[in-house]
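Data first, discussion second: the structure below is written as structure tokens.
Naming convention: chains lettered A, B, ... in sequence-line order (proteins, then strands); numbering from 1 in each chain.
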Number of protein chains: 2
Amino acid sequence: MLPSSKLRSSEAMPNATTHGSGFVPDRLEAIGRLAQYTRSMEIHVQGDTAENWSVVVAGAACQSVVRTDGRRNVVDLLLPGDDFGLLATDAPGLSVHAICTPTIVAHYRKSLIEAIAAEDPKVALHLRERMRETAARLIRHVLLLQKTTAKDKVWGFLKILSARTNDGEIQLAISRYDIADYLGLSVETVSRAMTELQFRGRIELRGPRRVKTLGRPVAEQTAA
Amino acid sequence: MLPSSKLRSSEAMPNATTHGSGFVPDRLEAIGRLAQYTRSMEIHVQGDTAENWSVVVAGAACQSVVRTDGRRNVVDLLLPGDDFGLLATDAPGLSVHAICTPTIVAHYRKSLIEAIAAEDPKVALHLRERMRETAARLIRHVLLLQKTTAKDKVWGFLKILSARTNDGEIQLAISRYDIADYLGLSVETVSRAMTELQFRGRIELRGPRRVKTLGRPVAEQTAA
DNA sequence: CGTTAATTTGAGCTATTTCAACCGTTGTGG
DNA sequence: CCACAACGGTTGAAATAGCTCAAATTAACG
């Protein structure tokens, strides 16, 4: 259950250090360590539990909890550019797993980035902005979960994903099971919601993992 | 829709400045402005929309959104000691309202606290800790919303509240309607869940707004 | 190709929403 | 001081939505 490879940036992704991934300031880029993970592998840096700030560079990951009854809840979905470990460290039983292969994550020691942030206001500002983004993601998640019907939840979820791609086409890195655990629904309900959304012309399924969002929210449609 | 009174700390709460409310470091306490609000009144400092960091000192407030269809969603419940305005500022349509009378909130200009934080690491640390608390609250909220049954949601909600009081007795500042909007349920379901929780001996209702939590989680009971 | 995992579909059951009415409290104006 | 409106809370009944168990179908991968 260890990363298949844990490499210096220069070894794993020569371009990452030289040109930068674009996700963090150059100043931080230099001290990052890239690690590559495979599907369902836990993401952490060996040796220390909560001492790292991490940014997903490629692939996808999700932060989740498993309940005492065996149920799993996905608290946050992490796509390239998303980070974790700065906020939400003390939550009990929270862990991060890769959900596709390969998933590449950049790890930064908190002690280091804090030292840099202390003397570089630009970096400090960047980190605060990252925290705000994480909070915004959590709030969007809450809003999603508060929607009444499963169709609304699934549609809202797909809409958020499609907003992160240029066109409406989505490459789903995440399985129906993960979506179910993210939305607090059963897999069957997620699947049915998908097919029904297609039936109603709101999405187009070009395969289980290829979705294109088409229309306006389900909420507006049900209102009409 | 303006605060009934907007006072210097020394005028409204003589003790707040001298002894401190205990919620923020002395260094910050000095620059805070206390404002008092009545139920359903929007909480903001006149003149600037998102330029303040605010801490609830007494009473209670909730951060909410109203959807296009008229539904309201409560994103965060703010009890004495909880803060808002640092994270989650850019969310669209988000506003904070007092949910009981009186609700007292301390406002701090962001420009000021950032300046202080820049030269006082202790204050900076405090602010980071506050952001982590806010995120932890959001995560707990997500986990609550992901619970499958309404009883689990309501019980989890009450349990979180009771964890913030010394004994298990809760003084509910929040109405059933607010709870419903917080948990993404209808009012009727919340009410029914309450009476059923009492029927099953998990809580004791000493009046609509006085609840005492008794047993272990509903989840464990349903498992048995 | 064959095996395994992922997704979809079906049927019965339970939970939740919705619409409606009722009760108790509070506050207000006559 | 009382009647009455307004609000918060509870309860009832019908319709719907979602969960569970079960199985079929499809995609992924060695």
>> For the helix from C:dC1-D:dG30 to C:dG30-D:dC1, what angle separates the axis at the start from the axis at the finish, each from five pairs, in steps of 10°?
In response: 40°
Would you mind reading off the distance between [X] atom [atom1] and [N] atom [atom2], rounded to a whole angstrom?
{"X": "A:I203", "N": "C:dT8", "atom1": "CD1", "atom2": "C1'", "answer": "13 Å"}
{"X": "A:I99", "N": "C:dA6", "atom1": "CD1", "atom2": "P", "answer": "12 Å"}
{"X": "B:F199", "N": "D:dT10", "atom1": "CZ", "atom2": "P", "answer": "16 Å"}
{"X": "B:D152", "N": "C:dT16", "atom1": "CG", "atom2": "C1'", "answer": "14 Å"}
{"X": "B:E188", "N": "D:dA15", "atom1": "CD", "atom2": "P", "answer": "17 Å"}
{"X": "B:K153", "N": "C:dT17", "atom1": "NZ", "atom2": "P", "answer": "7 Å"}
{"X": "A:K151", "N": "D:dT16", "atom1": "NZ", "atom2": "P", "answer": "12 Å"}

Just wondering, do [Y] and [X] contact through their side chains at under 4.5 Å, heavy atoms?
{"X": "A:L205", "Y": "A:R210", "value": "no"}
{"X": "B:V105", "Y": "B:V57", "value": "no"}
{"X": "B:F84", "Y": "B:I43", "value": "yes"}
{"X": "B:R109", "Y": "B:N52", "value": "yes"}
{"X": "A:P208", "Y": "A:R176", "value": "yes"}

> Do A:Y37 and A:H97 have ring centroids that are under 6.0 Å from one another?
Replying inline: no
>> For C:dA5 and A:R209 - does any side-chain N or O of the residue sit under 4.0 Å from the phosphate oxygens OP1/OP2?
In response: no
> Quick one: is C:dT9 close enough that its OP1 or OP2 comes under 4.0 Å of any side-chain N or O from A:T195?
Replying inline: yes
> Looking at DNA chain C, which of residues 172-186 of chain A put a heavy atom within less than 4.0 Å of it?
Replying inline: A:S175, A:R176, A:Y177
> Out of C:dA6, C:dT7, D:dT10, which nucleotide sits closest to the side chain of B:S191?
Replying inline: D:dT10
>> Exactly one of A:R164, A:R130, A:Q63 should register a side-chain hydrogen bond (donor to acceptor under 3.5 Å, both in side chains) with A:D82. Which one does?
In response: A:R164
>> Determine whether a donor-acceptor pair (one donor, one acceptor, N or O, separation below 3.5 Å) exists between the side chain of A:R192 and the base of D:dT20.
In response: yes
> Between B:R71 and B:D181, is there a salt bridge with N-O shorter than 4.0 Å?
Replying inline: no
> B:R210 near the nucleic acid: base, sugar-phosphate alone, or nothing, with a heavy-atom cut-off under 4.0 Å?
Replying inline: nothing
